[in-house]
Amino acid sequence: MSYKRGLRSAANAVAESEPKRLKKTTTVTTTDKDQQADAKSRSTEKSYWLFKAEPESRIVNGVDVKFSFDDLKTEHQATWDGVRNFEARNTMKKMNVGDLGFFYQSNCKIPGIVGILKVCKSAYPDSFDKKHPYYDPKSDPENPKWFMVDVEYVRPLKRLVSLQELKELVSKPHSPLNEMALLRRSRLSVTPVREKEWDFILQLAEEE
DNA sequence: GCCAACGTTGGC
DNA sequence: GCCAACGTTGGC
């Protein structure tokens, strides 16, 4: 079982969410409005995002939160759960199905961007499972505080673009990365990526 | 494993 | 609603 700051496997997600789904049809009316509002706040244009996960084992509340890009490749799909920061949550609510994201690996030997994923399900309430490593007793199923999205594997970058490299580029005048959220808001696990940042980093990774 | 940066909590 | 104390992130 692979929980992650950020996630657990899609297989687990399906198993756990089936009974919950039944409940949802009978109870949740208040969030319908919220969901409409969220959908409205999402852009109709394709957007880009950055998702952080930790590729090395780390135990949180008795659960290993390791999740690497290879894990995503193996599982093909995953729920990006466990985000417990309002700004990151709000970022996730803006995501549309089909949006692309960078997969960034943190807390490891060479932190950096390793691959590309795709949003395949827009924001829906995060797990209320008490055994979830980031279980929040203050989030009420009637009025969920935390949300997650589903993502699927797309492909690796041709090479890793390290945090160190990104930082060096940022320090150059007029760099397209000057305002990149990853660097300016470094503690957020999910951040938006501007189109010019996306293009620049892709080109960097793919050239020669 | 240290610790800077910064988000969150809670007392007042 | 301020802000000190506390907790977390994540690079190093």
Side-chain angles (χ1 to χ4, degrees), chain A residues 2-9 34 38 41 48-72 78-95 101-117 123 125-149 151 156-157 159-172 175-194 197-198 200-201 204-205:
Chain A
S2 80
Y3 281 84
K4 204 39 262 132
R5 142 149 40 282
L7 30 133
R8 70 183 182 279
S9 74
D34 297 340
D38 294 338
S41 79
Y48 302 98
W49 314 97
L50 181 143
F51 297 78
K52 289 186 194 173
E54 298 176 59
E56 287 166 17
S57 285
R58 190 168 67 88
I59 306 302
V60 176
N61 297 323
V63 181
D64 191 350
V65 296
K66 158 186 153 54
F67 194 81
S68 66
F69 192 59
D70 281 344
D71 292 332
L72 179 61
T79 62
W80 208 269
D81 62 354
V83 172
R84 298 292 178 265
N85 171 284
F86 291 111
E87 194 174 339
R89 178 202 69 181
N90 294 342
T91 297
M92 285 202 296
K93 283 187 172 186
K94 290 179 186 156
M95 294 177 183
F102 285 134
F103 192 109
Y104 176 96
Q105 296 189 333
S106 68
N107 247 323
C108 56
K109 218 164 194 179
I110 308 178
I113 298 167
V114 295
I116 296 174
L117 50 66
D126 200 339
S127 167
F128 297 100
D129 180 1
K130 290 197 170 81
K131 281 180 283 198
H132 188 283
Y134 296 102
Y135 170 68
D136 179 0
K138 285 188 238 167
S139 183
D140 171 10
E142 301 287 319
N143 186 19
K145 187 171 168 190
W146 303 117
F147 288 77
M148 58 187 177
V149 297
V151 299
L157 295 186
R159 67 169 181 88
L160 177 144
V161 177
S162 70
L163 176 64
Q164 188 190 346
E165 186 177 356
L166 292 170
K167 279 180 162 173
E168 283 165 10
L169 290 166
V170 162
S171 63
K172 295 191 173 164
S175 161
L177 304 184
N178 273 342
E179 295 172 74
M180 192 171 180
L182 168 70
L183 301 140
R184 299 181 72 107
R185 316 291 328 276
S186 66
R187 289 162 19 92
L188 295 176
S189 61
V190 180
T191 56
V193 175
R194 291 173 170 83
E197 296 162 351
W198 179 269
F200 184 81
I201 290 166
L204 198 67

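Chain naming here is simple, since letters A, B, ... match the order of the sequence lines and numbering starts at 1 in each.
OP1 or OP2 of C/dG10 has at least one side-chain nitrogen or oxygen of A/Lys52 nearer than 4.0 Å. Phosphate contact (OP1/OP2 of B/dG7, side-chain N/O of A/Arg185, threshold under 4.0 Å): present. At least one side-chain nitrogen or oxygen of A/Lys167 sits closer than 4.0 Å to the OP1 or OP2 atom of C/dC12. Residue A/Tyr104 has a polar side-chain atom (N or O) positioned under 4.0 Å from OP1 or OP2 of C/dG11.
Within a 6.0 Å radius of CD1 in A/Ile59, other residues, nucleotides and ligands contribute more than 12 heavy atoms.
As a whole-Å value, the separation of A/Phe86 CZ from C/dT9 P is 14 Å. For A/Ile113 and C/dG10, the CD1 to P distance is 14 Å, given to the nearest whole Å. The CG-P distance, from A/Asn85 to B/dC6, rounds to 13 Å in whole Å. As a whole-Å value, the separation of A/Leu188 CG from C/dG10 C1' is 12 Å. Rounding to whole angstrom units, CZ of residue A/Phe51 and P of C/dT9 are separated by 17 Å. When the C1' atom of C/dT8 is taken as reference, atom CZ of A/Arg58 falls 9 Å away, rounded to whole Å. Between A/Leu183 atom CG and B/dA5 atom C1' the separation is 14 Å, expressed in whole Å. In this structure, NZ of A/Lys145 is placed 10 Å from C1' of B/dT9, rounded to the nearest angstrom.
Counting all heavy atoms, side chain and backbone alike, A/Val83 lies closest to A/Asp126 at N-OD2, 4.1 Å.
Of the candidates A/Phe69, A/Trp198, A/Phe51, A/Trp198 is the only one forming a ring pair (Phe, Tyr, Trp, His ring centres under 6.0 Å) with A/Phe102.
Under a 3.5 Å cut-off, the side chain of A/Lys52 and the backbone N or O of A/Leu188 do form a donor-acceptor pair.
Nearest nucleotide to the side chain of A/Arg187, out of C/dG11, C/dG7, B/dT8: C/dG7.
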